[in-house]
S.K.: 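Provided herewith is a single structure, encoded as structure tokens, for subsequent inquiry.
Quick caveat, the model's predicted, so the values are computed rather than measured. Note that the numbering runs from 1 along the sequence shown for the chain.
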Amino acid sequence: MASHFRRESEEAPLVVERLLRENRGEVEGLAAFLRRRPPALVLTVARGSSDHAALFAKYLLEARLLWPTLSFAPSVLTLYRARPRLPHPALLLAFSQSGESPDVVEAVRAFREAGVLTVALVNREDSPLAQAAEVLLPLHAGEEKAVAASKSFLAMLAAFLQLFAHLLEEGRLKEALPLLPEALFRALGVEGSLEYLEEAEGLFALGRGFAYPLALEAALKLKEVAALHAEGLSLAEFLHGPQALLEEGFPVLALVQKDEAFEGALSALEGLKAKGAHLLVLSAEPDALALAHSPLKVPLALPPELNPLLLAQAFYPLAEALARARGQDPDRPRHLSKVTRTR
């Protein structure tokens with residue numbers, strides 16, 4: 001019997017199709033406003049997988065729109081009772097599945113009171129976060145029974161990408177967005193397995209640029225569903241120290257796509273392979289897959305701004321199968337609940 005986690009990841013194409021249709025009007029209006037009045041600074045606030053979505057947004061906003069984007073630490077406000085002064089105008093993007101964590105909600109309320117435009121990308125439209133924000137972009141993912149997020153995380157990325165595509169002056173992403181649901185469906189046909197990790201005690205999950213937030217997401221999912229210690233890192237940061245831990249056969253999962261970071265990623269992976277790492281490479285690119293001891297072939301690629309969604313979608317069934325092979329219940333990670341409330 002398929003797990004909730006597996007079934008919900010398979011629902012993602014329909015969720016994204018619905019989201020792109022239902023949110024279009026709100027997104028077009030918000031994008032038009034932000035083009036007329038671009039923010040001097042963007043803040044993101046999120047926890048868990050949602051913070052990986054926020055980091056993805058940071059990369060795109062800075063690399064393509066040149067909008068400086070910072071991750072706000074909610075405890076600065078909730079514990080230290082400090083609200084940093086922001087330049088005017090500013091934009092805050094809050095990412096959440098449940099919309100219930102008090103620290104994220106309080107940050108949105110505080111900055112909205114200070115005149116910051118606040119936008120919530122959240123699944124529950126009746127949540128405290130949805131009510132606290134000035135603008136709501138619902139995820140339309142429906143109920144998610146598995147503790148580990150899958151379709152809601154992909155919906156979060158898609159909701160941001162729809163806004164981002166309308167902020168760009170060029171039309172190429174708006175033209176590519178309708179291809180996303182079908183591409184997500186096809187990504188479930190990833191070739192390969194994580195069999196090498198069945199007896200593993202730990203691994204590194206690495207990515208560069210737009211793929212880096214997805215490496216963090218992959219590492220989190222391996223901890224949650226497979227009870228496997230995984231450390232997600234930027235491939236560049238890995239070379240600045242953590243590679244000292246490598247020994248013969250140590251597993252390294254690399255998420256690789258074709259963009260400005262591609263050639264550097266290949267060179268770095270060649271070096272890690274020479275140092276004895278066992279490379280598991282999740283990619284659609286033949287040159288990257290050729291370096292792998294365990295290739296994980298994604299059946300197609302999209303423009304680099306959209307492609308990270310395919311990497312995540314392809315990874316979820318691999319993680320679910322590994323969880324089962326390691327004797328874990330992918331729907332019920334130890335010590336975790338669906339809604340986590342922190343201050």
S.K.: Less than 4.0 angstrom from a charged side-chain N to a carboxylate O is my criterion; do K221 and E224 meet it?
M.R.: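 Salt bridge: yes.
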S.K.: Sequence neighbours left out, what passes side-chain contact (heavy atoms from CB on, under 4.5 Å) with E201? Give chain and number order.
M.R.: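 Scan of E201 (side-chain contact (heavy atoms from CB on, under 4.5 Å), adjacent residues dropped) gives none.
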S.K.: Do R6 and E10 pass the salt bridge (charged side-chain N to carboxylate O under 4.0 Å, His left out) test, and can you show the C-alpha distance, the side-chain angles, and the key distance before you say yes or no?
M.R.: CA-CA 6 Å; R6 176 63 188 254; E10 292 173 348; 2.8 Å; yes
S.K.: Just jot down the salt bridge (charged side-chain N to carboxylate O under 4.0 Å, His left out) partners of R326, sequence neighbours excluded, or say none.
M.R.: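 In terms of salt bridge (charged side-chain N to carboxylate O under 4.0 Å, His left out), with neighbours along the sequence ignored, R326 is linked to no residue.
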S.K.: Can a side-chain donor-acceptor contact be found between S49 and E217 if the only test is distance below 3.5 angstrom?
M.R.: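 A pair is found: one side chain offers a donor N or O, the other an acceptor, under 3.5 Å apart.
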S.K.: Has the side chain of T69 got a donor or acceptor atom that lies under 3.5 Å from a matching backbone atom of W67?
M.R.: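 Yes; at least one donor-acceptor contact below 3.5 Å.
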S.K.: With distance as the sole test, does T78 use its side chain to make a donor-acceptor pair with the main-chain N or O of P74 at under 3.5 Å?
M.R.: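 A pair under 3.5 Å: yes.
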S.K.: Provide the closest heavy-atom pair for A132 versus V105 in the form atom of the first, atom of the second, distance.
M.R.: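 For A132 and V105, the tightest heavy-atom pair comes out as CB-CG1, 4.2 Å.
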S.K.: Decide if the gap between the ring center of H278 and the ring center of Y196 is smaller than 6.0 angstrom.
M.R.: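 Yes.
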S.K.: Main chain of V104, side chain of R47: is a donor-acceptor contact present, judged purely on distance under 3.5 Å?
M.R.: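 Answer holds: no.
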S.K.: Using 0.5 Å steps for rounding, measure from the NE2 atom of H52 to the CG atom of L157.
M.R.: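 The CG atom of L157 is 11.0 Å from NE2 of H52, to the nearest 0.5 Å.
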S.K.: Do the side chain of R18 and the main chain of H140 share a donor and acceptor less than 3.5 angstrom apart?
M.R.: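 Indeed, once roles are kept as given, a pair shorter than 3.5 Å links the two residues.
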S.K.: So which heavy atom on A158 is nearest to which on L180, and how close?
M.R.: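 Answer, listing the atom of A158 first, then L180: CB-CD2, 4.3 Å.
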S.K.: Give a yes or no answer on whether the side chain of T118 reaches the backbone of E134 with a donor-acceptor pair at less than 3.5 Å.
M.R.: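 Yes, because the side chain of T118 sits within donor-acceptor range (under 3.5 Å) of the backbone of E134.
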S.K.: Using modelled atom types only, decide if a donor and an acceptor are shared between the side chain of N23 and the backbone of L137 within a distance under 3.5 Å.
M.R.: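 Between the backbone of L137 and the side chain of N23 there is no qualifying donor-acceptor contact (under 3.5 Å).
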S.K.: Can you list the steps and then say if R172 with E305 is a salt bridge (charged side-chain N to carboxylate O under 4.0 Å, His left out)?
M.R.: CA-CA 11 Å; R172 61 184 180 88; E305 297 86 357; 2.5 Å; yes
S.K.: Sub-3.5 Å donor-acceptor pair from the side chain of R112 to the main-chain atoms of L92, do we have one?
M.R.: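 No, R112 side chain to L92 backbone: no donor-acceptor pair under 3.5 Å.
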S.K.: If you measure only the distance, is there a donor-acceptor pair under 3.5 Å linking the side chains of E320 and S3?
M.R.: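 Side-chain D/A pair, E320 to S3: present.
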S.K.: Start with the C-alpha gap between R186 and E182, add the side-chain angles, then the distance that decides, and say whether salt bridge (charged side-chain N to carboxylate O under 4.0 Å, His left out) holds.
M.R.: CA-CA 6 Å; R186 290 180 59 192; E182 174 64 21; 5.1 Å; no
S.K.: Taking side-chain contact (heavy atoms from CB on, under 4.5 Å) as the definition, give me every residue that meets it alongside E270, ordered by chain and number, with sequence neighbours left out.
M.R.: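 Once residues adjacent in sequence are excluded, the partners of E270 under the side-chain contact (heavy atoms from CB on, under 4.5 Å) criterion are L291.
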